[in-house]
Amino acid sequence: MSESELPKAYEPGKIEKKWYDFWLKQGYFTPEIGQDKKPFVIIMPPTNVTGELHLGHALTATLEDIMVRWHRMNGESTLWLPGTDHAGIATQVVVERQLAEQGRTREGIGREQFTRLTWEWANKSRKNIRRQHQLLGASCDWAREKFTLDEGPSKAVRTAFVRLYDKGSIYRGERMINWCPRCQTALSDLEVEHKHIVGHLYYIRYPLTRRKGFVTVATTRPETFLGDTAVAVNPQDKRYEDLIGKSVSLPIIGKEIPVIADEAVDTSFGTGALKITPAHDPTDLEVAQRHNLPLVDTMNADATMNENAGPYQGLERFACRERVLADLKDAKLLEKIEPYSHSVGHCCRCQTMIEPRVSLQWFVRTQPLAKAAIEVVEQGRVAIIPERFTKVYFDWMENIRDWCISRQLWWGHRIPVWYCQDCAQVTASVDEPAVCIHCGSKQIIQDPDVLDTWFSSALWPHSTLGWPEDTDDLRRFYPGSIMETGYDILFFWVARMIMMGLEDTGEIPFRTVYLHGLIRDESGEKMSKLRGNVINPSEAISKYGVDALRFALTSGTSPGNDTNLGKSKLESGRNFVNKLWNASRFILQSLDAEKLESQAIELQPQRIEDRWIDSQLNRLIKSVTELMENFQFGEAEQQIYDFVWSKFCDWYIEIAKIRLRSQPIPSPLPFLANTLEKSLRLLHPFMPFVTEELWQSLKQYLPAQDQMAASIMMATYPVADDKAFAPEAERVMDSVIEIVRSIRNVRAQYNVKSSQWIEARVYAGELLSSLVTQANMIEILAKTRPLTLLDRQKKESTKDTDLVLVLKEAEVVVPLAGVVDRIAEEQRLIKESEEVKERMAQLEARLGDKAFLNRAPVQVVEKEKQKLAMLEDKLKRLNQELSQLKSSSSDS
Ligand SMILES: [Zn+2]
Ligand SMILES: [Zn+2]
């Protein structure tokens, strides 16, 4: 076995580990720092430390790796910084679930112990996440890996908070927030999932005070009536004119509340009279503020009823509803119940129904930050790809509300605020203060809450590079080049990074936002554990190899659009790797056999097909480069695939095989080697492992200047040579391919055996003399003999049995006399045997019919049996003839 001989089959597992370790050891992932080098920077979206990587992570890693490898091959100083996110509520819920399985609770073990357990979990996850990214081939700089809870990013969080606080852009206030009674924390609007619920509309009677009668109000949440502080009607509503300014009493508990008029009341909802429950509904709170109504909070943090709920104190909210309804019914105050479907918010982490709740929380005044963030996108300093998301971004940013950043959790960045027990003032500080800055008291207590996990993510582009310190990395690599992430977190994350980046550094955090779509299953359904259509990246890797998975994830995709992925796409990725592998094996074996030295690999195209493949290769390079520059990675990959599979493997290599068998001068080997080598480099960003393995084997045959790089990932990306474009050669080869294809189609259509030669006449015009030089190729590729190439002017008349194919540059005539006669005969035999079978079936049915057998005379039955035997005999003969016909046609 010679040195370059490749194993027969590609074994991804072995090769992937070998090369990844080699790249790591060589330090290729760490950017080269040079004054003259242009930096290319991607800060990887921090992966949540909640567990395994899913296909979405694999897509993120693959797309970023494609960009990073491509820029690195273009000679840029490339930094791809990896990291992980503590993922506040998401991680806390995971650890709480684990505790619950052991019958323990977070409160039971206490904050310190809980935080320690969560750190253990996070560290385990981080290791796992790193390992999985390495499996995917991610060429990120592990030496610069960051975690949101690391000392550096944590200091950035405290610094950003204190700066905003000192400016008055962070404030603490009583606001209505979304409250999850299970997680017992506030949630931002983005963390609430709205679901359609088929519920009921309850019509409740509120008795009038000081006279008979009642007002009926409609509500979806009867249990909240205990917190009502008014009934509101629209001032234009004639039905209730005389009630405005009067009062009603709350059912059951008899508390007196006013009837007020407010323009906001929708007269078409329910009865047009609304109960106002300011402590439990955001719209009611606004009404209450306009009318100076008091707030009555009737619930505890866990959504059980509190002392304000009178007789219902201690009941859980839904149990309370049942009791309230029963009591109202008994009192004849429940007028009717109607089915009613509406949208209800749920906690995005635990799916518990959200409770709107007025509570004391920390907020960021977002409007001024949003203004600057809108401007940089308007000015084009930050570009969003695909462009259609720019409008979505503007719409959201223009209507932005203050951001609730405090969370009643234990896992995260503790709010850097201390409350003084003596003067009741607040001290906000980056470092832990010893005393109250206002009165010097030592009696200070830190806020128990932590910050929204997205607060630290919002600082990620600068906190990872060392901000607030003035570091070399910050000066060199900030702002980043591209922020690549899913379109689903445009607001959670991308918008906030732009706001906080501008706020903290005065500079945009990145120049381009690249948004990818979601991964769906083969039929376009969302992947979910419930549907059982989830593909696990690790399993896909062990079954198909990393390169096949990367191909399946990205090939043919475009930014912002969802991708369908299933078995067939993974298989086609694997088939492509195998095709490339087999083609390379053939080329390497041929190079060995010819004992070709690297200095002999010189491209002197003498033959049409050599000029053609070189021209096509350079056109591909040109197109791929343009596509890569325009972020059309999926299309670039698809074009390389088409070129390698069809033009190179199916045509050029097949032609080269014919030449190598007969007259090896001029040899196609230099073109085989050159086309393969450039194709490998073109493909490397997409399929890093198989390309490295093949390139290393091919390297020894390359001209000296191309042997310099120790790895394909450090070699330069191919550059198109316009001088190689050869339109004439392309025209001839297009015609050759068309002729071969048309004859192959005829063969397939008429079931001509692969061993059988068929005759063909080709009539051509201008291209005739060029086509004559390719006659030998056409003959062998189309299995056509005799093949005659003639001037179109001299075309003879054709027979009925001649098949005439009119092509772009030529006309192909295939005399089908023999083939057609055989086909007609075959059809006749098939038809006749079908008729025989039908008659046999009728006879068999009759002979199986007991009534007939009992009734008919014996000789009649006997006659029928004879008929059947004769037919059986005939069918046997017909089948024999048919098989003879088939075998004779394949022998000829
Ligand atoms: Zn929850
Ligand atoms: Zn004080």
Side-chain angles (χ1 to χ4, degrees), residues 48-51 85-101 104-108 111 114 118 121 162 165-166 171-172 176-195 197 280 282 299-304 316-318 343-361 403-412 415-455 492 529-530:
N48 285 355
V49 291
T50 40
D85 196 317
H86 66 284
I89 188 168
T91 307
Q92 179 158 325
V93 168
V94 168
V95 177
E96 278 175 350
R97 278 200 194 120
Q98 289 170 350
L99 284 176
E101 277 166 23
R104 297 197 289 172
T105 64
R106 156 162 81 104
E107 293 78 8
R111 186 166 190 154
F114 181 81
T118 315
W121 164 261
V162 172
Y165 178 83
D166 289 345
Y171 64 92
R172 195 176 187 222
M176 181 151 285
I177 44 91
N178 306 292
W179 180 262
C180 173
R182 198 219 65 89
C183 299
Q184 301 229 357
T185 180
L187 299 172
S188 73
D189 293 343
L190 287 172
E191 289 166 309
V192 176
E193 263 175 39
H194 292 276
K195 292 186 190 172
I197 299 283
H280 298 281
M299 273 181 218
N300 296 310
D302 62 356
T304 57
E316 189 274 331
R317 56 182 166 167
F318 297 114
S343 161
V344 180
H346 290 73
C347 171
C348 71
R349 290 300 163 192
C350 75
Q351 304 305 320
T352 300
M353 204 180 275
I354 289 301
E355 200 57 58
R357 188 163 194 240
V358 175
S359 75
L360 195 57
Q361 303 285 349
W403 175 15
C404 174
I405 51 168
S406 43
R407 295 288 181 277
Q408 289 65 51
L409 303 171
W410 287 352
W411 178 241
I415 292 178
V417 156
W418 285 260
Y419 304 107
C420 178
Q421 304 299 97
D422 290 327
C423 75
Q425 299 227 58
V426 167
T427 302
S429 169
V430 175
D431 302 310
E432 187 164 354
V435 295
C436 166
I437 52 161
H438 305 283
C439 74
S441 162
K442 285 183 178 160
Q443 301 297 309
I444 51 171
I445 296 172
Q446 189 173 7
D447 193 309
D449 291 352
V450 299
L451 287 165
D452 180 5
T453 192
W454 295 99
F455 191 86
F492 269 111
K529 283 193 184 138
L530 221 64

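Hydrogens, waters and symmetry mates are skipped; everything else that's a heavy atom, side chains included, is used. Both counts, for ligands and for their atoms, begin at 1 and track the order of listing. It should be emphasised that the depicted structure is a prediction, and the values quoted were computed from it without experimental measurement.
A distance-only check finds no donor-acceptor pair linking the side chain of Arg106 to the backbone of Gln92 [under 3.5 Å]. Checked by atom type and distance alone, the side chain of Glu101 never pairs as donor or acceptor with a backbone atom of Gln98 at under 3.5 Å.
Take the Zn ion (ligand 1) as the corner point: the lines to SG of Cys347 and to SG of Cys183 open at 120°, to the nearest 10 degrees. Our summary of the site lists the angle at the Zn ion (ligand 1) between SG of Cys180 and SG of Cys350 as 100°, to the nearest 10 degrees. Between the SG atom of Cys423 and the SG atom of Cys420, the angle centred on the Zn ion (ligand 2) amounts to 110° when rounded to 10°.
Remark: the Ser359 side chain and the Gln361 side chain contain an N/O donor-acceptor pair separated by less than 3.5 Å.
Taking the six-membered ring for Trp and thresholds of 30 and 60 degrees, Phe455 and Trp403 have ring planes inclined between 30 and 60 degrees apart.
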